[in-house]
Amino acid sequence: MNFDRIMIRYGEMALKGKNKKAFEQKLQSNIARMLRKHPETTIQKTQGRMFVHLNGEDPHEVMQKCQNVFGIHSLSFTVKVEKEEEQMKEAVLLAFNEANDAKSFKISSKRTDKTFPIPSQEMNPILGGHILRNTENVKVDVHNPDVEIKVEVRHEGTYVTAQDYPGGGGLPVGTTGKSLLMLSGGIDSPVSGYLTMKRGVEIDAVHFHSPPYTSERAKQKVIDLAQELAKYGSKINIHVIPFTGIQQKIHREMPEGYSMTIMRRMMMRISEKVASKENILSLTTGESLGQVASQTMESMNTINEVTNYPIVRPLVSMDKLEIIDIARKIGTYDISIRPFEDCCTVFVPKAPKTKPNREKANYYESNADFTQDIEDALEESYVIEVTADHVKTNQQKDDEFSDLL
Ligand code: ATP
Ligand code: MG
């Protein structure tokens, strides 16, 4: 015997009316997308719950994919058997064995089909006795069990539900709008993207790339990171912005101490333009406070001046160790620490100004005109489309660009 479905519980408590419908539809389509590699699965919606029917697909693989979907509170394996004692016994044993290392259990039976001859109170000891006979050092604990096994005898059959697995929490991606994630190859910005998606936000990404100072492999890192993020949501379009020209101009014409601040201001201006063109209403960054020179309050103030777009900064209150913990959990850490150059580190001055101010940044920028350079960068930009299982890249345009250098 094996589990034939997964029960999905979501926190619909906070949802009302139209919101609830949109939430459920998104959740269902996000689960379906996540299970594309398991074509036999089907999703059934019942009051306040969903069931993924496995139809022979591997239960654990499907469970793992579903656990990544935001908007799910918890999940459990479930099996439907006949209203027949032996099958029910076998099913509760399967459900108990699912809970690794459980030493105590409780069976909660419910009989909605009153034609079934055994009342629920009598069912508990019959089914529990079967577990006790087939395990060692296991006991019943009705107050604080390691695992609670739910048995529901309904008209159409008996449902046995095993332990709860945690879901991704948050809201289904796509229910709260879209943001443009400024994605570097570092540790922070992917985590930031993940946390934003967890709040139901769909993301596109923008990446600044400076060939030949930054290599194809550095760009591949960003594609791989986006692919990890796509596992939690939908398709991510990476807008790759060739940034070499602008960086060289900054390096040539701006004072060294302000080059990093001005570079970041250019990134903001360009990101805002990309977002606006794509009808995206906010930017998301991996900025934190106090880690490096670019992350002081003065710096944030000076960089933020060039855009009036809302900037989502989910990491602003986090310690580096907390960020690393999340990066490990979501599978981006090992990619982020691959040792390839980032456009910011290539041109970074030895002593960047840690307390820049707006007046000076404006003054220095007024000595050079970047309008055309920004237009050119946008003109040369291209999109890489990333989903959890494929990458579609307009490599040709990239090659043409590299040839120009
Ligand atoms: P990360 O770990 O995300 O690279 P960081 O700690 O290195 O961040 P900074 O170098 O100050 O911090 O960068 C701050 C933010 O600016 C990044 O989190 C990211 O959102 C954005 N950013 C930096 N470099 C790039 C890039 N090449 N392309 C797109 N966005 C970038
Ligand atoms: Mg970085």
Side-chain angles (χ1 to χ4, degrees), residues 179-196 203-211 213-215 217-223 225-226 228-229 236-244 246-247 250 259-275 282-304 306-307 309 311-316 318-324 326-328 330 332-349 352-354 356 377-378 381 383-384:
S179 190
L180 184 66
L181 170 68
M182 296 176 67
L183 184 61
S184 70
I187 295 169
D188 299 341
S189 41
V191 173
S192 196
Y194 167 85
L195 293 172
T196 306
I203 59 169
D204 262 6
V206 60
H207 177 66
F208 295 87
H209 180 51
S210 298
Y213 302 101
T214 57
S215 63
R217 284 182 301 177
K219 195 176 74 192
Q220 187 59 43
K221 229 174 125 169
V222 172
I223 296 172
L225 288 169
E228 286 305 314
L229 291 180
I236 297 176
N237 284 328
I238 310 175
H239 301 263
V240 181
I241 314 287
F243 203 45
T244 317
I246 292 177
Q247 284 201 293
I250 293 172
S259 63
M260 186 160 71
T261 305
I262 290 171
M263 178 187 78
R264 290 248 182 266
R265 283 161 61 105
M266 295 299 163
M267 284 187 178
M268 280 288 165
R269 290 184 174 104
I270 292 171
S271 299
E272 184 194 289
K273 282 188 193 293
V274 172
S282 71
L283 305 177
T284 296
T285 72
E287 285 169 292
S288 190
L289 274 173
Q291 282 190 23
V292 288
S294 63
Q295 295 176 348
T296 61
M297 203 58 90
E298 288 79 3
S299 187
M300 202 183 271
N301 181 280
T302 308
I303 293 165
N304 212 150
V306 304
T307 178
Y309 255 54
I311 300 180
V312 180
R313 297 185 179 90
L315 307 188
V316 84
M318 287 193 184
D319 296 344
K320 192 72 184 181
L321 288 178
E322 292 175 86
I323 298 169
I324 289 175
I326 300 175
R328 286 219 168 91
I330 66 175
T332 56
Y333 184 76
D334 288 337
I335 303 170
S336 292
I337 59 171
R338 282 187 216 153
F340 298 119
E341 61 297 311
D342 178 60
C343 73
C344 304
T345 43
V346 172
F347 287 91
V348 92
K353 197 109 180 100
T354 54
L378 285 163
S381 73
V383 174
I384 302 175

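Position 1 is the first residue of the sequence; numbering continues from there. Numbering of ligands and ligand atoms starts at 1, following listing order.
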Between T196 and S179, is there a side-chain donor-acceptor contact under 3.5 Å, judged purely by atom types and distance? no
Supply the atom-to-atom distance L283 CG to R313 CZ, rounded to the nearest 0.5 angstrom. 9.5 Å
Within-cut-off N or O pair, K320 and ligand 1, under 3.5 Å: no
Using a distance-only test with no angle check, is there a side-chain donor-acceptor pair under 3.5 angstrom linking S189 and S184? yes
The one among R264, E287, M300, M182 that brings a heavy atom closest to atom 16 (O) of ligand 1: R264
If we check side chain to side chain contact (heavy atoms under 4.5 Å, CB included) with M263, which of these qualifies: R265, M267, M266? M267
Does only the side chain of L183 get under 4.0 Å from ligand 1, or the backbone, or both, or neither? Count heavy atoms. backbone
Numbering as shown, the atoms of ligand 1 that approach G186 to under 4.0 Å (heavy-atom distance): 1 (P), 2 (O), 4 (O)
What are the atoms of ligand 1, with element, lying closer than 4.0 Å to any heavy atom of T285? 20 (O)
Can you measure from CG (L321) to CG (D319) and round to the nearest 0.5 angstrom? 7.0 Å
Which segment of H209 sits under 4.0 Å of ligand 1 when only heavy atoms are counted: neither
L225/S336 under side-chain contact (heavy atoms from CB on, under 4.5 Å): CA gap, chis, key distance, verdict: CA-CA 8 Å; L225 288 169; S336 292; 3.6 Å; yes
With respect to T284, determine whether any N or O atom, backbone or side chain, lies less than 3.5 Å from an N or O atom of ligand 1. no
M267, any N or O under 3.5 Å of ligand 1 N or O: no
Can H207 and I223 be said to form a side-chain contact (heavy atoms from CB on, under 4.5 Å), step by step? CA-CA 10 Å; H207 177 66; I223 296 172; over 6 Å; no
Suppose I only count heavy atoms of V206 and a 4.0 Å limit; which atoms of ligand 1 are within that range? 29 (C)
Rounded to the nearest 0.5 Å, what separates atom CE in M297 from atom CG in L289? 5.0 Å
N/O to N/O below 3.5 Å, does that happen between S189 and ligand 1? yes
Has ligand 1 got any nitrogen or oxygen that is less than 3.5 angstrom from a nitrogen or oxygen of G286? yes
